[in-house]
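First comes the structure, then the notes that go with it.
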There are 2 protein chains.
Amino acid sequence: MKKSKIIEKLKQDVAGQCACQKLRKATRIITRRYDEALKPIGIKGNQFTMLSVISLVDAVTLTELADKMGMERTTLIRNLKPLERDGLISISSEGFRRARSAEITDKGLNVLEEALPIWHQAQDSLRIELGANTWKIVHDGLEALGAVG
Amino acid sequence: MKKSKIIEKLKQDVAGQCACQKLRKATRIITRRYDEALKPIGIKGNQFTMLSVISLVDAVTLTELADKMGMERTTLIRNLKPLERDGLISISSEGFRRARSAEITDKGLNVLEEALPIWHQAQDSLRIELGANTWKIVHDGLEALGAVG
DNA sequence: TACGATATAGTGTATATACACATTATGAAG
DNA sequence: CTTCATAATGTGTATATACACTATATCGTA
């Protein structure tokens, strides 16, 4: 195919329409905001999420925890390392087979408590910036994407 | 604050409502789908995006290219490395000051051409899975997030 | 022409992500 | 009680992301 023809197709079909591209771009932009806000606490947005989920779910295997977060199991395991190193979580091996599970520590809970108002600020400022209607659209869309198999 | 009180706040305010969390989860899930689809071509979804954008924009500085993609400049520079190593793009230093710019090569264009129908399949299957209404909501939401400053 | 201001790119380090492959604990079947 | 299937975790390697800091090319001006 001629170069100009390929470019034309890209312009018509892909540009501004690729779901993967738009998702990744949005995630980069929004993650930077949450990371920036949480910097005084010493954790990043993703770590806030992991601490929060670990606090809320009952002790399950790391595999189940990864599933709940839509995160590849090996990604979760590696993401837990900095949290464990900093004493924010502890990982025990109490279950059956080789099962291990993560639990938040008192220190981790303190960090979460400090992070909560800052998270609220970041979340609120974004919601206000987008407006109520767009905010709902964003959440509905992400809910649907998060449920994709 | 008591532990139970913090958990309660997390459950009420954060769980299922954090935009950063939902975005990152959706991105992980959807990126895996596009990556999986493109595997026969030997590129990942993000690389397809970069090749596509590089093909479509006129030669600009790497800084401008990063801006267009909502990508941190240093991230872009590092993401270009595998593409350059594999001969899919070339980076020239033709501009003013230290300016450099990326251009797609013939090989890169061939890869894009092969990738196009596969990208269509991935995009279509996702659109069908979501349905037309949800698909529009998803794109409207992501468009708004991508425009956030 | 020398020199400082500025625009641009590049590097060090750390977290985030995931596939392919390897390891290991435990229960079941013989 | 040994072996084997299975469920679970762990490691090697590669890309993706970004902040802090560094390096350098060029322009304007003294």
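Values below: all heavy atoms of this structure, side chains included; hydrogens, waters and symmetry mates excluded. Every chain is numbered from 1, with letters handed out A, B, ... down the list of sequences.
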Between [X] and [Y] (side chain of the first, backbone of the second, donor and acceptor by atom type, cut-off under 3.5 Å), is there such a pair?
| X | Y | value |
| --- | --- | --- |
| Q121(A) | A37(A) | no |
| S55(B) | L51(B) | yes |
| Q123(A) | Q17(B) | yes |
| T61(A) | R100(A) | no |
| K22(B) | V138(A) | no |
| E84(B) | K81(B) | no |

How close do [X] and [Y] get, heavy atom to heavy atom, and via which atoms?
| X | Y | value |
| --- | --- | --- |
| R33(B) | S125(B) | NH2-OG, 3.1 Å |
| A144(B) | T134(A) | CB-CG2, 3.3 Å |
| I30(A) | C20(B) | CG2-CA, 4.4 Å |
| L38(B) | A115(B) | CD2-CB, 3.9 Å |
| L145(B) | A26(A) | CB-CB, 3.8 Å |
| I89(B) | A102(B) | CD1-CB, 4.5 Å |

Can you measure [X] atom [atom1] to [N] atom [atom2] for me and round it to whole angstrom units?
| X | N | atom1 | atom2 | answer |
| --- | --- | --- | --- | --- |
| K81(B) | dT17(D) | NZ | C1' | 14 Å |
| L62(B) | dG10(C) | CG | P | 6 Å |
| I77(A) | dA20(C) | CD1 | P | 17 Å |
| R100(A) | dT24(C) | CZ | P | 13 Å |
| M71(B) | dC19(D) | CE | P | 13 Å |
| L83(B) | dA14(D) | CG | P | 16 Å |
| L80(A) | dT11(D) | CG | P | 13 Å |
| L65(A) | dA8(D) | CG | C1' | 14 Å |

Nearest listed nucleotide, side chain of E72(B), among dA18(D), dT15(D), dT17(D):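 Within the option list, the nearest is dA18(D).
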Stretch residues 14-31 of chain B: residues that reach within less than 4.0 Å of DNA chain C through a heavy atom: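 The stretch gives R24(B), R28(B) as the residues lying under 4.0 Å from the strand, ordered by number.
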Residues in contact with DNA chain D, drawn from residues 37-47 of chain B - heavy-atom cutoff 4.0 Å: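 Within this stretch, K44(B), N46(B), Q47(B) sit under 4.0 Å of the strand.
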Those residues of residues 111-123 of chain A lying under 4.0 Å from DNA chain D by at least one heavy atom: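 The stretch gives none, as no residue of it lies under 4.0 Å from the strand.
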Identified side chain to side chain contact (heavy atoms under 4.5 Å, CB included) partner of Q21(A) from the options N46(B), L142(B), V53(B):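 Only match with Q21(A) under side chain to side chain contact (heavy atoms under 4.5 Å, CB included): V53(B).
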Basic-acidic side-chain contact under 4.0 Å: R127(A), D124(A):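 The answer is yes: the pair qualifies as a salt bridge.
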The helix from dT1(C)-dA30(D) to dG30(C)-dC1(D): angle between end helix axes, five pairs per end, rounded to 10 degrees: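 The two end axes of the helix from dT1(C)-dA30(D) to dG30(C)-dC1(D) meet at 20°.
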pair L88(A)-I43(A): side-chain heavy atoms closer than 4.5 Å: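 The answer is yes; the side chains approach within 4.5 Å.
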Apart from I137(B) itself, residues in the same hydrophobic cluster as defined by side-chain heavy atoms under 4.5 Å: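 Reading the cluster by chain and number, I137(B) sits alongside I137(A).
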Side-chain N,O (R78(B)) to OP1/OP2 (dG10(C)) below 4.0 Å: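 Negative; the distance criterion is not met.
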Short side-chain N/O contact to dA9(C) OP1/OP2 from T63(B), under 4.0 Å: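 For dA9(C), OP1 or OP2 has a side-chain N or O of T63(B) closer than 4.0 Å.
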Touch class at under 4.0 angstrom, heavy-atom based, for R32(B) against every strand present: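 Sugar-phosphate only.
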Sugar-phosphate only, base, or nothing, as touched by T75(B) at under 4.0 Å among non-hydrogen atoms: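 Base, at least one base heavy atom under 4.0 Å.
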Can you give me the N/O atom pairs linking the protein to nucleotides 21-24 of chain D at distances under 3.5 Å, or say none if there are none?
unit_1  : atom_1 : unit_2 : atom_2 : d
dA23(D) : N3     : R98(B) : NH1    : 2.8

Pair T75(A)-R28(B), side-chain donor/acceptor within less than 3.5 Å: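 No, because no side-chain N or O of T75(A) sits under 3.5 Å from a partner of the opposite role on R28(B).
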